[in-house]
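To start, the structure under review is shown below, and the notes come after it.
Read the numbers this way: they start at 1 and go in the same order the structure lists the ligands and their atoms.
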Amino acid sequence: MTSAEAKNNIKELTDQINHHNTLYYQKSKPEISDYEFDQLLEKLIKLENEFPELRLPDSPTQRVGGTITKEFATVTHQYPMLSLGNTYSPEELTDFDGRVARGLDGDPYEYFCELKFDGVSISLTYEEGLLTRAVTRGDGVRGDDVTNNIKTIRSLPLRIRSKKIPHRFEVRGEVFLPKDVFKQINKEREDIGEETYANARNTASGTVKMQDSAEVARRKLDCYLYYLLGEDNQVETHSEAMNKLEAWGFKVSPTYRQCKNITEVLAYIQEWEKKRLDLPLDTDGVVIKVNSLEQQERLGFTAKSPRWAISYKYKAESISTRLNGITYQVGRTGAVTPVAELEPVFLAGTTVKRASLHNANEIARLDLRIGDFVFVEKGGEIIPKVTAVDLDKRDSKNKTVKYITHCPECNTALIRKEGEANHYCPNEKGCPPQIKGKIEHFIQRKAMDIDSLGEQTIRQLFELGLVKSPADLYDLKKDDLLKLEKVKEKSAQNMLAGIEQSKIQPFENVLFGIGIRYVGKTVAEKLARYFKTMTALSQASYEQLLEAPEVGEKIAQSVVEFFKDKENLREIARLETSGLQFESIQKEKEKISNHLNDQSFVISGVFQNYERDQLKDTIIANGGKVLSSISGKLNYLLAGDNMGPAKREKAEKLGVKIISEQEFELMLKK
Ligand code: IVH
């Protein structure tokens, strides 16, 4: 392909992808499947790797991340990012209204109401229509430059495609993790034995500051915009500014309303108190802004906040009820979760009977005693939580909680690892919920995808003693399945077909499915790609594992321990005999060019534009070879940031040429 052809193709693909992005993220009306979308993106990534000089500044490939940032640069905000004054009652709000009226000398004015989104505030700068910088609030004066991470947010335009836009403007908004995404992340973490996150806001904040933007992309952040700043915006009111933002393709929450007076504001507040709980993100109040920008300017700012805006905070709905007892749940990884058994009580639309207590520390922190009256709250989290004990109602006879010492399911003594909040049941192979949980994990969609079996079937198969581990599934006969409740010939056949069909699932799915602690789907993919076979992985040393992408000490240790266990090895051998995929069938990568002409490379350090395995693929696709150690025969040491000094020394001693990422990109172009 010539450079001119490539340029055309890149442009065409970019337009197509941007079009489908808008349909999906702004209009919620997709016209192609996710798979087709990913195919387009893949094609573009490939072309850009081949012709890096043709990569457009607003390329949609930036949304998949890949850039590693060691430390974020500190940036001074052009306009400081102030906070808002808070009010908690209609009276306080009426006082605010009085101050506004006096400040405007009796001139008429209007308000603009929005919900207060509970996320992380962000400032975005656009120059000549291009998103050039995204900065966190920081201390209000200076924040962190997190542009590469923010570019992964699909609903955010990387370029504004309107003719009449200011040369430069700033827009502010709130980055958040949608509730369902947060729930999914926690479910996945629980599944692989990681501690779950406390709430969506903190998780969003942690995600914005992650070093690896590819990981940020996987987290699926979203962003609502609510403030336009700049010298040349040609708007007179905040509502016009919001219309402009929408027209330029920014995502604006449809929940705003223009209000003529404080009475209408109070009605808005009341209306959204309950309705907001059904929104896809957490909100904790309402922001009330004077609509006219000229009037905003007249009212001005105090040292900390604008005089033209204020927030009204909703009280989290809370109710007191009796703690009848504490029960304990054991998960797939053996983690024990205490659950408060409550006297049923009606709260924010549903009857609450139980609340999670997280772990023993939480019980101690609350100083819970059985029989206490406790305050229960439904905050952003879907599961209600116990926030405090109503000490006025405490009966001195109430007994303190003694945390269990043995597993409620199998009576094994519990353990608590240093630095971990949870207690664990170590009886991995004999504790019923752990066994059932492992099988459920194994059959899930992202693993072996056996959807003809479900939780209830697994439970029965286990209780009848027919299945005690995933490998047993492959020995099941039709007669076994006919022993299950309500299972007839047809559904038994279906189940067997589903089990048989699962044998074609790729190696990475098998690897995820066998349930090595801390090995989630992404890590399983990386391991499969890096080690290629189950045998190679099972024989890898701790040090070799650390060399693989995304593998840290915790994961390396867990993998080594898994493959040391004799019973695990027997299980793995049985799965292999059953015919599961134990090797990754890497599609032969399409050859892009022969520019690297059989030259050999060792890759070391971290890179600006590539992940390690992307680099590896690029080298091979352009006719080069990737070696793992430096020798006299090696042609190039491709050095990223943070490469160890020993490697450099060795290369210098052996006369191996050391090249940077930029020099490497030049080699691709020649
Ligand atoms: S306007 C000058 N609108 O609340 C203040 N802020 O306490 C301009 N927030 O840091 C902010 N939802 O992160 C505004 N609809 C909304 C908001 C909102 C949430 C956050 C924002 C800000 C904080 C102020």
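For V287, every heavy-atom contact with ligand 1 shorter than 4.0 Å involves the side chain, none the backbone. At a 4.0 Å heavy-atom cut-off, ligand 1 touches E114 through the side chain alone. With a 4.0 Å cut-off on non-hydrogen atoms, Y226 touches ligand 1 through its side chain and not its backbone.
Ion pairing of D144 with R137 is absent here, as no side-chain N (NZ or NE/NH1/NH2) approaches a carboxylate O to less than 4.0 Å. A salt bridge does not link E341 with K353: every distance from a Lys NZ or Arg NE/NH1/NH2 to an Asp or Glu carboxylate oxygen is 4.0 Å or more. With respect to E114 and K116, no salt bridge is recorded, no charged nitrogen being found less than 4.0 Å from a carboxylate O. Note on E294 versus R298: salt bridge recorded, some NZ/NE/NH1/NH2 to OD/OE distance being below 4.0 Å.
Ligand 1 does not have N86 within reach: every non-hydrogen atom of the residue lies 4.0 Å or more from it. Residue-ligand proximity: M81 is placed with every non-hydrogen atom at 4.0 Å or more from ligand 1. By the 4.0 Å heavy-atom criterion, P306 is counted among the residues contacting ligand 1.
Remark: minimum distance from atom 10 (O) of ligand 1 to any protein heavy atom is reached at S121 OG, 3.5 Å. The single protein non-hydrogen atom nearest to atom 7 (O) of ligand 1 is L84 N, 3.2 Å, given as residue, atom name and distance. Here the protein heavy atom with the shortest distance to atom 3 (N) of ligand 1 is K289 NZ, 3.1 Å. Shortest contact from atom 23 (C) of ligand 1 to any protein heavy atom: K116 NZ, 4.0 Å. Scanning all protein heavy atoms for the shortest distance to atom 12 (N) of ligand 1 gives F117 N, 3.0 Å. For atom 13 (O) of ligand 1, the nearest protein heavy atom (residue, atom name, distance) is E174 OE1, 2.7 Å.
The aromatic rings of F301 and W308 sit perpendicular to each other, their planes meeting at more than 60°, with 30° as the lower class boundary.
Partner of F250 under the ring pair (Phe, Tyr, Trp, His ring centres under 6.0 Å) criterion, out of Y227, Y224, Y126: Y126 alone.
Distance alone, capped at 3.5 Å, places no donor-acceptor pair between the R133 side chain and the D145 backbone.
On a distance-only criterion, V120 and ligand 1 share no N/O pair closer than 3.5 Å. Between F301 and ligand 1, no pair of N/O atoms sits closer than 3.5 Å.
A side-chain donor from one of E48 and S59 sits under 3.5 Å from a side-chain acceptor of the other. Donor-acceptor pairing under 3.5 Å is recorded for the side chains of E127 and T132.
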